Structure formats: structure tokens, C-alpha cells
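In what follows, chains carry the letters A, B, and so on, assigned in the order in which the sequence lines appear, proteins first and then strands, with residues in each chain numbered from 1. These figures come from a predicted structure and were not determined experimentally.
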Number of protein chains: 2
Amino acid sequence: MESKEIIKILRDRGLKVTVQRLATCKYVLARQDHPSADQIYSALKIDYPTISLGTIYKTLSLMKDLHLVQELGFKDGTIRYDPNLNLHINLVCTSCGKIHDYKPENIEVIWKKLLSNLHVKPEGQRVDIYYKCSDCL
Amino acid sequence: MESKEIIKILRDRGLKVTVQRLATCKYVLARQDHPSADQIYSALKIDYPTISLGTIYKTLSLMKDLHLVQELGFKDGTIRYDPNLNLHINLVCTSCGKIHDYKPENIEVIWKKLLSNLHVKPEGQRVDIYYKCSDCL
DNA sequence: GTAACTGCAAACGCTTTGCACTCCC
DNA sequence: GGGAGTGCAAAGCGTTTGCAGTTAC
């Protein structure tokens with residue numbers, strides 16, 4: 001997503017556009033590896049040395065409210081931020097924790113079949129597959 | 001799972017069978033709502049008033065090592081314990097946090113189709129669907 | 001100008017750890 | 001009897017909160 005779009009989303013909600021916010025949004029939305037708050041902090045500190053972890057958490061909470069990201073809790077107690085709200089599979093390496101998205105052909109069709117007898121209205125979903133990535137094998 | 005079986009699993013690994021361990025294992029393995037450590041603690045305190053949360057965490061860690069449960073991290077930072085290691089869907093209420101398992105007909109067949117083009121070896125999976133349960137609607 | 005935002009540090013909640021005491025085998 | 005397990009309390013760690021100072025508008 002371009003800066004222009006992000007700025008519009010923030011302004012439309014009456015939120016102020018700060019360099020910290022814009023940088024955090026741009027970074028998270030561009031990533032497909034679902035970084036943790038700390039990973040985002042480490043990455044942004046290079047270009048924005050005075051940014052604080054607290055501000056990043058506040059921005060992430062904002063992004064959640066704006067439906068720009070989904071939070072994924074993991075068993076090590078950390079939360080990772082996924083900007084892909086569409087149906088997809090998270091391939092999670094059980095050794096290094098790296099994640100990347102996988103979108104099979106026809107996932108929507110197959111998914112619909114899976115839920116055809118489910119008598120509740122889903123608000124969202126999370127699909128993880130655990131494996132060892134090529135670096136960790 | 002019966003006490004007898006649990007005792008065998010523990011003994012086979014050279015682990016001691018204590019009332020606290022047996023109670024924790026029996027409770028978790030009988031549940032389908034994936035309780036948190038604190039929920040297990042509250043439930044067991046009634047019959048075992050001196051049991052401690054620390055012991056429950058240690059037993060849960062043991063059960064994970066014995067492949068009796070899977071840990072599920074959630075975005076509120078809590079971990080819940082799922083004794084169902086087979087392919088299934090966790091129906092998670094976004095209001096009250098209650099979970100129950102759902103196993104569609106032919107889930108294995110459909111799942112296999114979903115992964116037919118995936119060129120990695122899955123070690124396990126997690127499938128959540130978020131919704132509002134009947135009590136929270 | 002002022003209300004919202006930042007950075008810092010303290011607080012918070014869940015989980016893990018350390019240790020003296022206890023109990024299974 | 002001895003080593004593993006328990007209960008308690010302290011420590012650990014990711015996240016949230018509160019507040020004085022700063023900045024977008």
C-alpha cells in the first residue's frame with residue numbers, strides 16, 4: 001500500500017499522520033512474514049533511531065482497529081502481525097519461527113466445501129501449517 | 001483416556017505418578033474446549049485444594065513433550081491446551097473465548113486437496129474459525 | 001493554540017524458574 | 001533412602017498504561 005493511501009485512511013478517521021505512524025504502517029503492510037512488534041522496532045530503529053516500542057504497539061493496535069492487520073498469537077507468547085486478511089495459509093517454521101504466506105489454487109472453493117455443513121457465520125479464520133523451512137532442515 | 005493408560009504412559013517414561021499429575025492429565029484430556037492453565041487450576045482446586053499453578057504448568061509442559069497436547073497461542077497472550085492432535089477446526093468465539101472442536105465430513109480428503117501443491121512436509125497444523133457463539137450473539 | 005501523539009518508564013498478566021520440603025517407588 | 005515432584009514466591013518477558021513533553025493541523 002502506498003503512503004498516499006495510508007495517509008488517507010488515517011485522515012479519514014481524524015487521526016494524525018506522524019512519521020512514526022506512517023513508517024510503522026508502511027513497514028507492516030509491505031511484509032509477508034508477519035513480524036513481531038520487536039522485529040518491527042529493530043527494523044525501524046535504523047531509519048528512525050528515536051522511535052519507541054510503545055509507539056509501535058500503539059500504532060499496531062490502531063491498525064488492528066482499522067482492520068489493516070490481524071493479530072496472530074503464538075505459543076511462545078508473542079504476537080505477530082499479519083496484513084493479509086484474505087483466506088491464506090501461514091507456513092510457520094517450527095525452528096526459526098519464520099512465517100510466509102501460501103495461497104493454494106482454488107483455496108476459496110476448497111474452503112467453502114470444508115465449511116458447507118457449518119451452521120455459524122465465520123468472522124474470520126486462521127490456518128497455520130507447521131514445518132521446517134529449508135534453512136532449518 | 002483412562003487413568004490406567006495415563007499411568008502407563010508416565011511410567012514408561014520413568015516419570016512418577018502423583019495425584020496432581022494424574023488429575024491434570026485426566027482433566028485436560030477429557031476436555032474439548034481447550035482450557036487455559038488458569039481454567040485448569042480453577043477447576044482442579046475444588047477437588048485438590050493445595051494444587052499449585054506452577055505444578056499445572058509443569059505438567060502441561062510434560063504433556064506437550066509426551067505429545068498428549070498441542071499448545072495454541074491466542075492474541076490476548078494466553079496459551080490454551082488442545083488434546084486433539086488430529087486434523088480438526090477450532091471454533092473460537094470472539095466474545096467469550098470459548099472454543100470447541102469441529103470435524104467436518106471428509107476433512108482429511110479436502111485438506112489433502114488443499115495441500116496437494118505444497119512442496120514441504122507438514123509437521124502439524126492449526127485451523128481456527130472465529131465467530132460469535134450462541135450465548136454471545 | 002490545542003488536542004493528539006511520542007518516548008520513557010513503570011505496571012501488568014501470563015509463564016517459567018529456583019529452592020526447600022515432600023512423597024513416590 | 002534417594003531422587004523426582006510439589007508448592008510457593010520471585011523472576012522473566014512481551015505487552016499495556018500513564019504522563020510530561022512535543023508536534024500535527
With distance as the sole test, does B/R80 use its side chain to make a donor-acceptor pair with the main-chain N or O of B/D33 at under 3.5 Å?
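Yes: the side chain of B/R80 pairs with the backbone of B/D33.
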Keeping the roles fixed (side chain from A/E71, backbone from A/S61), state whether a donor-acceptor pair exists under 3.5 Å.
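No, A/E71 side chain to A/S61 backbone: no donor-acceptor pair under 3.5 Å.
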Table please: side-chain donor-acceptor pairs of residues 6-20 of chain B below 3.5 Å, with sequence neighbours left out.
unit_1	atom_1	unit_2	atom_2	d
B/K8	NZ	B/D12	OD2	2.7
B/T18	OG1	B/R21	N	3.2

Quiz: residues 38-48 of chain B side-chain donor-acceptor pairs under 3.5 angstrom, not counting sequence neighbours:
unit_1	atom_1	unit_2	atom_2	d
B/Q39	OE1	B/S36	N	2.8
B/S42	OG	B/D38	O	3.1

Is B/S52 close enough to D/dT6 that one of its side-chain N or O atoms is under 4.0 Å from OP1 or OP2 there?
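For D/dT6, OP1/OP2 do not have a side-chain N/O of B/S52 under 4.0 Å.
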Can you tell me if A/T78 touches the phosphate of D/dG14, counting only side-chain N or O atoms and a distance under 4.0 Å to OP1 or OP2?
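Indeed not, no polar side-chain atom of A/T78 lies that close.
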Interface residues of residues 26-38 of chain A with DNA chain C (non-hydrogen, below 4.0 angstrom)
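Heavy-atom contacts with DNA chain C come from no residue of residues 26-38 of chain A; none.
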Are A/L60 and A/I79 side-chain neighbours, meaning at least one heavy-atom pair lies under 4.5 Å?
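A/L60 vs A/I79: side chains apart.
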Do B/V28 and B/T59 come within less than 4.5 Å of each other through their side chains, counting heavy atoms only?
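Contact flag for B/V28/B/T59 side chains = no.
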Whether over 12 other heavy atoms sit under 6.0 Å from A/K132 NZ
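Yes, the 6.0 Å shell around NZ holds more than 12 heavy atoms from other groups.
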Rest of the hydrophobic cluster containing B/Y130 (Ile/Leu/Val/Met/Phe/Trp/Tyr, side-chain heavy atoms under 4.5 Å)?
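Traced through the cluster, B/Y130 reaches B/L72, B/F74, B/V92, B/I99.
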Let's see if you can work this out: which of C/dG7, D/dG14, C/dC5 has an atom nearest to the side-chain heavy atoms of A/L15?
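The answer is C/dC5.
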Please enumerate all protein N or O atoms sitting under 3.5 Å from an N or O of nucleotides 20-24 of chain D, with distances to 0.1 Å.
unit_1	atom_1	unit_2	atom_2	d
D/dA24	N3	A/K16	NZ	3.1

Are A/R126 and A/D82 ion-paired here, with the side-chain N under 4.0 Å from a carboxylate O?
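Here A/R126 does not pair with A/D82 in a salt bridge, since their nearest N and O are not under 4.0 Å apart.
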I'd like to know if the side chain of B/N84 pairs up with that of B/H34 as donor and acceptor (distance under 3.5 Å, no hydrogens or angles considered).
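Absent: no donor and acceptor within the cut-off.
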Check: protein-nucleotides 16-18 of chain C nitrogen or oxygen pairs below 3.5 Å:
unit_1	atom_1	unit_2	atom_2	d
C/dG18	O6	B/K58	NZ	3.0

